Amino acid sequence: MKEHIAELISAAIDSLKQQDILPADLSPRIMVENAKDKAHGDFATNIALMLAKPAGCAPRELAQKLVDALPQSSSVTQVDIAGPGFINFFASAATITAVVADVLSQKDAFGLSKVGGHQKIQVEFVSANPTGPLHVGHGRGAAYGATVSDFLAAAGFDVYREYYVNDAGRQMDILATSVWLRYLELESLELESEGQNGIAFDFPSNGYKGGYILDIAKKAQDQFGDRLVRSAADVFSGVAADEPQGGDKEAHIDGLIAQAKALLGAETYDVMFDIALEDIRGDIENDLGEFGVAYQNWFSERSLTRGGDVETALKKLTDAGHIYEEGGAQWFRSTAFGDDKDRCVVRDNGMTTYFASDIAYMHNKFERGFDKLLYVFGADHHGYLPRLKAVCQALDYPLEKLDFRLVQFAILYRGSERVQMSTRSGSFVTLRELREEVGNDAARFFYVSRKSDQHMDFDLDLAKSQSKDNPVYYIQYAHARVCSVMRKLAEHEWDFDQEAGLAALELLDSDYEKNLMVALARYPEVLENCALHYEPHVMAQFMKELASDFHTWYNALKVLENDAQIRNARLALSEAVRQVLANGLGLLGVSAPEEM
RNA sequence: GCCUCAAUAGCUCAGAUGGAUAGAGCGUCCCCCUCCUAAGGGGAAGGCCGCAGGUUCGACUCCUGCUUGGGGCACCA
């Protein structure tokens with residue numbers, strides 16, 4: 001309908017051009033918007049205001065000329081000029097009711113868009129280090145990334161969801177070593193129970209202390225038996241003192257890592273490393289799976305080194321003259337592309353940096369032929385943007401192919417009380433705990449109901465409450481209500497005659513019903529908007545509005561009227577509302593229950 | 001210090017490419033089930049859109065400065 005009105009306006013403009021009222025070289029962007037006030041009709045355009053200056057006449061005067069030049073249309077019943085020069089359009093009843101038939105015939109497909117044109121877009125999100133379970137901070141990135149991906153797919157993009165697994169680097173070594181030390185503690189207990197001497201030592205202050213480490217240590221026991229046992233004297237031989245003993249905790253843990261590799265041998269160490277990695281990565285995958293978040297690919301950082309990607313990418317940068325050597329290390333001249341400082345890619349000890357992997361990963365993504373790369377980061381990563389943009393340019397790919405979205409943190413509340421989260425000592429609130437407490441539906445909805453770059457307060461009590469205060473239940477209840485009405489039909493020994501209902505839609509002439517139909521018609525553009533701007537919260541907002549419009553109508557007018565025509569028409573509208581609610585909730589990763 | 005995101009009703013938040021009288025929910029106050037789920041609905045009150053300039057027919061929206069708050073600024077990952 002908007003397109004139709006835009007065409008009418010365009011025709012009017014052409015006609016005014018021929019009359020030399022408007023300059024012929026003018027090609028304005030015609031904006032048609034949904035009128036916010038009923039008195040302003042159904043659609044409005046500000047075109048006369050925008051063209052007043054080039055036309056050299058007053059806006060209202062130009063508006064009148066445009067209106068006079070508008071072609072006739074059966075779907076427009078009235079055209080007004082209002083305010084400073086707005087042109088308001090009133091749509092015919094048939095135009096407004098048409099959406100109900102559209103929804104009922106297209107069902108799940110209603111609202112889907114082809115605007116993406118099968119562009120290949122890669123979405124990287126979460127990508128938390130596999131050193132422990134996901135916590136509630138990751139949850140928002142997961143919900144947001146998954147939802148945006150689903151919207152993009154619904155808008156006709158070919159979406160490829162990817163989790164970058166940081167399975168290389170020091171943190172992973174700390175993890176593997178932590179597992180080994182827990183393993184030694186377990187073995188020690190067994191030795192003591194057999195009357196032998198245990199292996200006495202203090203767990204490093206910088207090690208991973210979560211309970212899950214112990215579980216992994218047990219798996220290492222299952223696999224290795226006591227073959228990984230070494231004496232405390234050997235393990236701590238030559239290792240710098242830990243912080244509580246007045247030493248340096250970083251040097252201490254690095255020493256332990258070196259000892260682990262030396263005492264176990266590279267091969268055995270790697271096996272234990274992989275046990276830890278796969279256990280935690282698998283747990284994350286399982287956790288996200290239950291949360292309705294699935295990936296096409298779990299991309300291993302180590303594969304970049306092993307597959308030569310890092311080498312290839314660095315060579316490309318070197319050949320292009322973006323790498324220089326200083327102090328025995330190699331640096332990427334990111335300042336040439338607006339970064340604050342140059343970034344090290346190869347340290348003086350010959351090790352490539354984490355950033356070198358990032359370069360290789362981006363290169364790898366582009367090589368795979370994606371039209372667009374979307375990075376979803378936690379807000380704490382925003383410092384990475386300049387250097388990644390620099391990489392993109394240095395690799396000679398257009399910057400427009402890169403998009404970033406930063407997800408701000410969520411602060412948990414229980415009522416008005418803030419829930420303290422501490423990553424220390426493993427006492428954080430995990431995503432899994434959150435899901436178990438409030439349910440997947442509420443968690444998914446709450447996470448994306450705010451603009452991603454907005455801090456959010458997540459009230460656990462509200463998310464759990466089964467009342468109208470809770471938007472998730474409010475929306476789901478609207479869906480369940482329609483289903484309930486359909487069940488009641490049978491009790492009256494009536495059937496829903498869809499064809500008769502569609503034919504009688506013009507009987508639904510109340511403002512309640514018109515509002516509902518106008519809302520339904522907005523759904524496709526809301527969906528498209530969400531996708532193109534990566535803003536799923538708009539749909540969350542829309543769902544609340546649609547549910548509200550429905551509840552208002554439901555309360556004011558009875559669906560199951562004795563009059564069959566009215567009844568079938570209202571059933572058709574109800575079913576259309578239910579379908580759109582189901583479609584929207586589905587995209588948000590929230591279930592649409594038939595009964596509550 | 002530099003970068004970045006924010007600041008809208010008592011609270012939590014919407015406000016798409018600048019448009020008409022800035023909107024919801026909660027909370028407060030009134031009202032509505034002999035009726036399809038009251039897990040719902042209707043109404044009232046509540047605003048210097050952080051401050052100050054600028055751009056223009058028009059600014060919550062764009063630009064600049066300032067104030068306040070979140071988060072970043074490592075040969076760490």
Side-chain angles (χ1 to χ4, degrees), chain A residues 29 31 33 35-37 39-40 44-46 49-50 52-53 58-59 82-86 88 129 131 166 168-174 250 301 326-331 340-341 343-349 351 353-355 357 378-386 406 408-409 411 413 416 449-459 462 465-471 473-474 476-478 480-489 491-492 525-526 528-530 532-533 535 537-538 540-542 544-545 547-548 550-561 567 570 574 595-596:
Chain A
R29 204 151 55 102
M31 302 207 319
E33 57 185 21
K36 286 168 193 155
D37 189 328
H40 301 150
T45 180
N46 60 358
L49 292 162
M50 295 176 74
K53 189 167 260 183
F86 292 100
N88 296 329
N129 284 351
T131 51
N166 297 123
R170 183 163 167 266
Q171 292 303 319
M172 286 305 297
D173 280 324
I174 295 177
E250 305 293 346
E301 179 186 353
E326 191 179 294
Q330 291 187 36
W331 300 74
D340 291 343
K341 57 191 77 171
R343 307 289 170 176
C344 180
V345 289
V346 182
R347 289 192 268 173
D348 57 5
N349 63 9
M351 299 271 288
T353 61
Y354 182 89
F355 179 54
S357 297
D380 55 336
H381 277 62
H382 95 269
Y384 283 59
L385 270 52
L406 296 176
Q408 295 284 341
F409 297 121
I411 299 166
Y413 284 85
S416 56
S449 62
R450 302 273 177 265
K451 230 170 19 187
S452 66
D453 54 9
Q454 185 94 25
H455 299 187
M456 73 178 294
D457 291 346
F458 193 128
D459 185 344
L462 179 61
S465 83
Q466 308 204 345
S467 72
K468 62 180 174 178
D469 306 356
N470 182 345
Y473 281 85
Y474 183 78
Q476 288 180 322
Y477 178 48
R481 260 188 157 171
V482 176
C483 296
S484 170
V485 169
M486 290 298 172
R487 285 192 298 270
K488 276 274 185 251
L489 252 192
E491 290 178 24
H492 287 87
E525 68 185 75
V526 170
E528 203 166 285
N529 215 17
C530 286
L532 296 176
H533 298 276
E535 289 186 340
H537 76 279
V538 177
Q541 202 75 21
F542 175 78
K544 280 194 270 187
E545 285 166 24
S548 171
F550 171 76
H551 286 308
T552 302
W553 170 60
Y554 182 91
N555 230 265
L557 298 170
K558 206 167 152 72
V559 176
L560 297 180
E561 287 282 358
R567 184 175 70 238
R570 288 191 179 148
S574 300
E595 223 172 331
M596 292 177 73

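Below, chain A is the first sequence line, B the second, and so on; all start at residue 1. All figures in this text were calculated on a predicted structure; none of them were measured in a lab.
- Regarding A/Tyr413, its OH atom lies at a distance of 12 Å from the P atom of B/C11, rounded to whole Å.
- Between A/Tyr474 and B/G41 there is a side-chain polar atom (N or O) within less than 4.0 angstrom of OP1 or OP2.
- With hydrogens and angles ignored, a donor-acceptor pair under 3.5 angstrom links the side chain of A/His382 to the base of B/G71.
- Rounded to whole angstrom, the span from the NZ atom of A/Lys544 across to the C1' atom of B/C26 amounts to 11 Å.
- For B/U67, the paired nucleotide is B/A7, the pair qualifying as Watson-Crick or G-U wobble because both relevant distances are below 3.5 Å.
- When side chains are defined from C-beta on, A/Val482 does not count as touching A/Tyr554, because their heavy atoms never get closer than 4.5 Å.
- Residue contacts shown for A/Ala82 include a base, since a base heavy atom lies under 4.0 Å away.
- Proximity note for A/Asp453 (side chain, C-beta onward) versus B/A6, B/C35, B/U12: the nearest is B/A6.
- Heavy atoms of A/Ala329 sit under 4.0 angstrom from at least one base atom.
- Ranking B/C76, B/G71, B/C75 by closeness to the A/Arg170 side chain, first place goes to B/C76.
- Checked against B/A39, B/G41, B/A38, the side chain of A/Met596 finds its nearest nucleotide in B/A39.
- Remark: the separation of the P atoms in B/G23 and B/C35 is 37 Å, to the nearest Å.
- Closest to the side chain of A/Arg450, from the set B/C75, B/U12, B/C36, is B/U12.
- At a threshold of 4.0 angstrom between heavy atoms, the contacts of A/Lys558 include nucleobase atoms, whether or not backbone atoms are also involved.
- Base-pair partner of B/C62: B/G54 (Watson-Crick or G-U wobble, both distances under 3.5 Å).
- The shortest distance between side-chain heavy atoms of A/Asn166 and A/Gln171 does not fall below 4.5 Å.
- Closest to the side chain of A/Val538, from the set B/C36, B/A16, B/G15, is B/G15.
- In this structure, CD of A/Glu33 is placed 15 Å from P of B/G15, rounded to the nearest angstrom.
- Across B/U12, B/A38, B/C76, the shortest atom-to-atom separation from the side chain of A/Arg481 is found for B/A38.
- A sub-4.0 Å separation between OP1 or OP2 of B/G25 and a side-chain N or O of A/Ser548 is absent.
- Within the 4.0 angstrom heavy-atom criterion, no nucleotide atom of any strand lies near A/Ala478.
- Among the heavy atoms of the strands, none lies under 4.0 Å from A/Gly328.
- Counting heavy atoms from C-beta outward, A/Gln408 and A/Arg450 have side chains that stay 4.5 Å or more apart.
- Comparing A/Lys341 and A/Asn88, the nucleotide of RNA chain B nearest to each residue sits closer to the 5' end for A/Asn88.
- For the pair A/Ser449 and A/Phe458, the minimum side-chain heavy-atom distance is 4.5 Å or more.
- Summarising the base pairing, B/U28 is matched to B/A44 through a Watson-Crick or G-U wobble pair whose two defining distances lie under 3.5 Å.
- Taking only side-chain atoms of A/Asp457, from C-beta outward, the nucleotide of B/C36, B/C13, B/C75 with the closest atom is B/C13.
- If you find the closest nucleotide of RNA chain B to A/Glu561 and to A/His551, the one lying nearer the 5' end belongs to A/Glu561.
- For the pair A/Met456 CE and B/U12 C1', the interatomic distance rounds to 10 Å; values are reported in whole Å.
- At a threshold of 4.0 angstrom between heavy atoms, the contacts of A/Ile174 with the nucleic acid are absent.
- Residue A/Asp380 contributes atom CG, which lies 13 Å from atom C1' of B/C5 at whole-angstrom precision.
- Applying the Watson-Crick and G-U wobble criteria (two distances, each under 3.5 Å), B/G1 pairs with B/C73.
- With its glycosidic angle within 90° of 0, B/C33 is assigned syn.
- Rounding to whole angstrom units, CZ of residue A/Phe542 and P of B/A16 are separated by 16 Å.
- For A/Arg347, a side-chain nitrogen or oxygen approaches OP1 or OP2 of B/C76 to under 4.0 Å.
- The nearest whole Å value for the distance from the CD atom in A/Gln541 to the P atom in B/A16 is 12 Å.
- When heavy atoms are screened at a 4.0 angstrom cut-off, A/Met351 is found touching no nucleic acid atom at all.
- Comparing B/C36, B/A16, B/C75 against the side chain of A/Val559 picks out B/C36 as the nearest.
- Listed pair A/His537 / B/G15 meets the phosphate criterion, a side-chain N or O lying under 4.0 Å from OP1 or OP2.
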Just the table, please: protein N/O against nucleotides 55-60 of chain B N/O, every pair under 3.5 Å.
residue: B/C57; atom: OP1; partner: A/Lys53; partner atom: NZ; Å: 2.5

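- The shortest heavy-atom contact between A/Met596 and A/Tyr473 is CE-CD2, 3.4 Å.
- Applying the Watson-Crick and G-U wobble criteria (two distances, each under 3.5 Å), B/C35 pairs with nothing in any strand.
- Ring-base stacking between A/Phe86 and B/A20 is satisfied, the centre separation being under 5.5 Å and the plane angle under 30°.
- Of the candidates B/G70, B/G41, B/A14, B/G70 carries the atom nearest the A/Gln408 side chain, counting heavy atoms from C-beta on.
- At a threshold of 4.5 Å between non-hydrogen side-chain atoms, the residues A/Gln541 and A/Glu535 do not count as touching.
- Atom CD of A/Glu545 is separated from atom P of B/G15 by 11 Å (rounded to the nearest Å).
- Contact annotation for A/Asp340: no contact, since no heavy-atom pair falls under 4.0 Å across all strands.
- Using a 4.0 Å heavy-atom distance criterion, A/Thr353 is classed as making no nucleic acid contact.
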